[in-house]
Structure formats: structure tokens, C-alpha cells
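Okay, structure first, notes after.
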Amino acid sequence: MSGDRRVRVRIAPSPTGYLHVGNVRAALFNWLFARRHGGVFIIRIDDTDRARSDDRYIEDVVSGFRWLGLDWDEGVEVGGPHGTYRQSDRFDRYREVADRLIDMGRAYHDFRSTEEMEELRARARVEKKPPGYYVRRPPGSDPDTARRRLGAGEQAVVRFSNPGRAVGFTDVVRGEVRFEADAIDDFVILRSDGSPTYHLASTVDDIDYGITHVARGEDLLSSTPKHILITEALGGERPVYAHLPLLFGPDGRKLSKRHGDTSLRAYREGGYLPEAVFNYMGLLGWSLDPDNEVFGREEAIAAFDLADVQKSPAVFDPDKLGWMNGVYMRSMATGRFTDLAVASVEEDLGRDLDGDERSRLAGLAPLIQERAKLTTDIGPAARFLFSDITYDDKAWRKVMKADARRALAAARRMLENVGDWNAANIEKALRDMLAAESLNPRKGWQPIRVAITGSNISPPLFESLEALPGEVALARIAAAIARLDLQAGAG
RNA sequence: GGCCCCGUCGUCCAGCCGGCCUAGGACGCUGGCCUUUCAAGCCAGAAACGCGGGUUCGAAUCCCGUCGGGGCCA
């Protein structure tokens with residue numbers, strides 16, 4: 001693409017909040033691109049906004065990417081030849097670059113007040129000109145005058161001086177994009193407090209770090225000509241740009257907090273698997289094969305190309321993510337599932353399981369696995385095995401009908417005589433019960449399910465019974481009978 | 001308001017250097033089968049080329065216009 005340079009891409013989150021799924025998707029595409037081309041994937045921390053930045057958000061970024069399996073070759077925590085990869089450690093560098101631009105005549109100190117600038121913008125608006133049309137170098141902004149005023153204690157921002165030239169570039173996903181000179185104002189690169197703006201810091205870093213491809217959200221598309229102008233002024237090599245379609249909420253707006261969970265953390269903690277999130281994200285704006293939506297990292301790497309990325313925005317659909325999570329839940333190795341089950345159950349119960357409990361859970365785990373969509377579904381599904389049950393009212397009323405007591409009583413008798421407490425023997429006893437009482441499975445067995453689990457929704461009955469100690473199962477059936485009798489007496 | 005981007009089922013993705021498209025797959029939805037509940041699975045179904053012109057024997061695919069949506073700046 002850009003000569004024979006080794007691909008170097010970056011993702012540059014701002015640590016002002018939890019890692020956003022939009023950033024995750026951008027990171028995924030950058031990572032796939034880097035891996036596809038044997039390149040370098042870099043995580044840079046764009047923390048120029050020191051007031052709003054917090055180290056715990058950096059930790060969130062780092063742990064989030066690790067969780068997803070997006071490993072990086074340079075950047076925060078892993079280091080590399082470019083220092084800490086945190087912009088807050090490079091303010092001197094940005095000021096130095098700004099000074100150089102001033103010396104070159106490509107930037108200037110601007111002492112005008114906010115009010116004055118607003119007037120210029122208002123004027124442009126009235127005249128239906130681009131908003132920054134009149135934001136140009138004013139008279140008396142020469143270096144000598146500026147130095148004098150600065151020395152007198154006046155405040156000034158530093159603006160990049162637009163050379164008055166249209167800027168066009170070839171975007172890998174969008175094709176030719178062009179901005180007229182009038183559309184690009186003399187944008188600020190250094191605030192009056194000396195801190196760099198995004199445009200400056202990001203561009204300087206991209207140059208200094210040798211970034212070859214910038215793949216980022218479409219929201220930055222209109223900033224790109226500014227970055228190109230800075231890059232050219234500094235004699236840097238222009239990276240290849242790829243502006244990724246934005247992620248939308250169901251209302252067709254840029255995905256944001258008001259749409260609910262937009263942080264990766266929420267999904268991590270909400271019971272989603274990293275491979276499902278990885279896979280689902282890969283389906284937003286890209287596809288490996290329309291007939292095969294379930295794919296892993298190696299397949300994705302082998303097929304990925306930024307040029308194949310969709311131009312139009314994608315709506316983030318939690319339903320489909322949930323379905324995909326279920327796909328991965330069912331396909332995972334039993335051993336891994338059992339480990340997840342133990343963790344989920346312990347979390348749900350708020351205590352550790354002992355050896356016997358673990359083996360009982362392991363016995364039922366494959367049947368729970370078939371039914372669980374989220375890892376957080378497991379605890380509630382297995383709760384009846386380890387703690388007292390509470391009856392779901394609706395379930396109770398639904399199944400505890402006319403024949404229920406008879407079925408429970410008969411089941412209790414038959415189950416008392418089961419020798420070896422296993423699913424096969426339990427099934428035989430309960431089938432005999434059905435025959436003896438002339439009941440169908442629905443009428444005969446649903447009451448037992450509610451009696452032992454509290455709910456009419458549970459893993460299969462025989463295995464659920466098996467996973468319970470026999471005496472506990474019998475006691476629960478007895479308790480249900482007693483409750484029915486109590487209700488009959490009261491009614 | 002200015003500039004820029006986008007426009008195939010409700011949603012995601014395929015098709016887009018024209019005919020194989022009576023537009024394909026997936027999620028969701030509806031109905032059915034299976035079935036001890038719930039899932040899963042299987043089968044079936046509803047569901048889209050924003051609109052208008054043009055080019056062409058033929059357009060989702062090319063061109064123009066229009067409408068709509070979004071992003072950025074304010």
C-alpha cells in the first residue's frame with residue numbers, strides 16, 4: 001500500500017470513560033489488518049485531556065483488549081521504542097512541534113477573544129459561508145509582535161495557518177474524498193494553557209510512531225484534511241486513511257450511553273464470551289462469508305481487508321450478539337463450560353462449592369450448557385441444586401392442578417424404592433408411575449419439576465433429580481405435597 | 001447553516017466492472033415438527049433494492065436529479 005513499509009497501525013482511546021464498543025470494533029479492524037499483513041498493532045493512550053482522564057480507564061482498556069484477545073506489539077504496558085505511548089508524557093514534544101510550525105510560518109499565535117471568534121463565525125453563518133471561513137490569520141500576528149504580547153502576559157492560542165489549498169485523499173473504504181480550502185479553518189493546535197489539541201497530538205504521534213494506516217471512525221473524516229496539512233507541513237509521510245462506518249444505536253444515531261450498554265465492560269460482566277464478542281463485532285461493517293457468520297480469529301485474519309469494509313453505518317444489535325454468544329456457549333468444550341459453571345454458581349450463591357457439590361454440578365452441566373445463552377444464566381439455572389428453593393407462583397398455579405397431588409404422592413413412593421440414584425433408574429420409576437396412575441408426562445411430571453426446582457423451567461427432569469441428593473429430592477416432593485394439602489385445607 | 005459521508009428485508013451481511021436476482025444468508029418475528037418443561041435442532045412463512053428520470057434488448061448493479069439519514073464544525 002504505502003511503499004514497502006511494514007504496516008503499523010494504532011488504536012488510540014481516550015481514558016475518559018470505559019472502553020466503548022465503537023472503539024473495540026475499530027481496534028478489532030486495526031488488529032485484523034495488522035495481523036493479516038504481519039504488521040505492528042499499537043495501543044496509544046490519548047490522554048491530552050488530563051482533567052477527565054483516569055488511570056482506571058487505562059486499566060479498563062488494557063484488560064478489555066486482553067480479554068478479547070487483541071494483543072498489541074507496542075504501547076501502553078508493553079512498551080516499545082516510543083516511550084510510554086501516553087500523550088500526557090509528550091506535551092513538551094507537541095510544544096516543540098508547535099514552535100517549529102510557528103518558526104516555519106505555518107502556525108501563529110492568536111490573541112483574539114472567544115467573543116471575537118464567535119463574531120467571525122456568526123458572520124460566516126449569515127453569509128452562508130463555511131463556519132471557519134473568516135477564521136484566518138489576523139494582522140499583527142507576526143512572531144515578533146506575538147513574543148512581545150506574550151511577554152506582557154497576554155493569553156493566546158496557536159493556530160495552524162491554512163495554506164489555502166484544497167485537500168484530497170483516497171480513503172480505503174470510501175474512495176476519493178476532497179475538501180475545499182475554504183472548508184478548512186485555521187484550527188487551534190495549542191490551547192492558551194499550552195496543551196495540545198487532538199489534531200496536533202494525534203498527528204504528531206502518528207508521524208513519530210511511523211503509523212502507516214489510520215483506520216478510525218467516520219466521525220473523524222472531516223478532521224483528516226487538517227491532519228494531512230500538519231503532516232505535510234512537518235514533512236511526514238502521509239498515512240493511508242480508512243474511515244470506518246460508525247456504530248449506531250437502534251434510533252439511528254451514533255451509539256452512545258443513552259442506548260444502554262456501550263462499554264465492553266458491561267458485556268464482559270454481563271456473561272458474554274470474548275470469542276462471541278469478537279465474532280459479532282467482526283460482522284459489523286464487514287463479513288467473511290455471507291453464508292458463514294460464525295468464524296474465529298485465524299479465519300478472520302486470513303480474510304480481512306480494510307477495502308472490504310462497508311461504507312454505511314451499522315446498528316449494534318444486542319439480540320444477535322446474544323444469539324452468537326449462545327452459539328459459542330454450546331460449542332465450547334465441556335471442561336471449560338464446567339469451570340464457568342462453577343464460577344457462575346459460586347457468584348450466584350455467594351459462596352464456594354465443596355467437592356460433592358462440584359461433581360453434582362458437573363453431572364448436570366452439559367444439559368445446562370445446551371440451554372445457557374450467557375454465562376450469567378448458569379448460576380440461576382443451577383441454583384436449585386445448592387440452596388433452598390422458592391416456588392415461582394405462576395409456575396405453581398400452572399402445574400399444581402387436579403392430578404398433581406396424586407402424581408407427587410405416587411412419584412414419592414416410587415422414588416423411595418429406587419436403588420441406585422441415577423437418571424436411568426429415576427426415569428424407569430417415573431415412567432412406571434405414569435403408567436400406574438394413567439397420567440401423561442405433562443400432568444405427571446411437571447408437578448415434580450416445580451416441586452424440586454421451584455420453576456416450570458429447568459434442565460431435564462431425570463438428570464435434575466439425579467443431580468440432587470435423593471433425600472433432598474424426596475423431601476422437596478414431600479414439602480410440595482404438604483403445601484398442596486395446606487392449600488386444600490385453607491380453600 | 002456550511003462542508004463531508006451514507007442509502008438492499010425491522011436489524012447485520014452478500015450481490016453492485018449490467019443478464020445466473022421470480023434479490024441470497026443470518027438475527028429477530030410468525031406457524032409447524034420434535035418433545036417431560038425450557039432451550040437447542042429441523043421445516044415452512046412474512047419481510048428490502050428510498051423516489052424519479054435516463055442509458056441499454058436488459059439495471060439492485062452505470063449516469064443524472066431528488067428525497068431521506070448521519071457525521072463534523074458552530
Between [N] and [M], how far apart are the two [atom1] atoms, rounded to whole Å?
N	M	atom1	value
B:G2	B:U22	C1'	46 Å
B:C49	B:A44	C1'	25 Å
B:C9	B:A46	C1'	10 Å
B:G10	B:C16	P	23 Å
B:G53	B:G58	P	15 Å

Looking across every strand, which nucleic acid part, if any, lies under 4.0 Å from [X] by heavy atom: base, sugar-phosphate, or nothing?
X	result
A:Pro460	base
A:Pro250	nothing
A:Gln310	sugar-phosphate
A:Gly132	nothing
A:Pro313	sugar-phosphate
A:Leu283	sugar-phosphate
A:Gly326	nothing

(request) Could you identify which residues of residues 369-381 of chain A place a heavy atom less than 4.0 Å from some atom of RNA chain B, listed by residue number, or say none? (result) A:Glu370, A:Arg371
(message) Can you pull out the residues from residues 443-458 of chain A that lie within a 4.0 Å heavy-atom distance of RNA chain B?
(response) A:Trp445, A:Gln446, A:Arg449, A:Asn456, A:Ile457, A:Ser458
Residue list, ring-ring contact (aromatic ring centres under 6.0 Å, His included) with [X], at least two apart or on another chain:
X	answer
A:His109	none
A:Phe386	none
A:Phe187	A:Phe160, A:His199
A:Trp396	A:Tyr391

Write out all pairs satisfying salt bridge (Lys or Arg N to Asp or Glu O under 4.0 Å) with one or both partners inside [range], taking only residues at least two apart or from two chains.
range	value
residues 360-388 of chain A	A:Asp348-A:Arg383, A:Asp356-A:Arg360
residues 111-129 of chain A	A:Asp110-A:Arg112, A:Arg121-A:Asp185, A:Arg123-A:Glu127
residues 418-429 of chain A	A:Glu427-A:Arg431, A:Lys428-A:Asp432
residues 278-303 of chain A	A:Glu293-A:Lys320

(message) Looking at A:Asp206 and A:Arg10, is any side-chain nitrogen of the basic one under 4.0 Å from a carboxylate oxygen of the acidic one?
(response) yes
(message) Strictly below 4.0 Å, N to O, side chains only: are A:Arg44 and A:Asp46 in salt-bridge contact?
(response) yes
(request) Take A:Phe248 and A:Pro441, find for each the nucleotide of RNA chain B with the closest heavy atom, and name the residue whose nucleotide sits nearer the 5' end. (result) A:Pro441
(request) Name the residue closer to the 5' end of RNA chain B, choosing between A:Arg431 and A:Leu284 according to the nucleotide with the nearest heavy atom. (result) A:Leu284
(request) Report the base-pairing partner of B:G24 (Watson-Crick or G-U wobble, both distances below 3.5 angstrom), or none. (result) B:C13
(request) Give none if B:G31 has no partner; otherwise give the nucleotide forming a Watson-Crick or G-U wobble pair with it, both distances under 3.5 Å. (result) B:C43
(message) With a strict under 4.0 Å distance from non-hydrogen atoms of chain A, what nucleotide opens and what nucleotide closes the contacted stretch of RNA chain B, reading 5' to 3'?
(response) B:G1 to B:A74
All N/O donor-acceptor pairs, side-chain side in residues 411-419 of chain A, below 3.5 Å, sequence neighbours left out:
residue  : atom : partner  : partner atom : Å
A:Asn417 : ND2  : A:Arg413 : O            : 3.3

(message) My understanding is that only one of A:Thr197, A:Thr48, A:Asp205 makes a side-chain hydrogen bond (donor to acceptor under 3.5 Å, both in side chains) with A:Tyr94; could you say which?
(response) A:Asp205
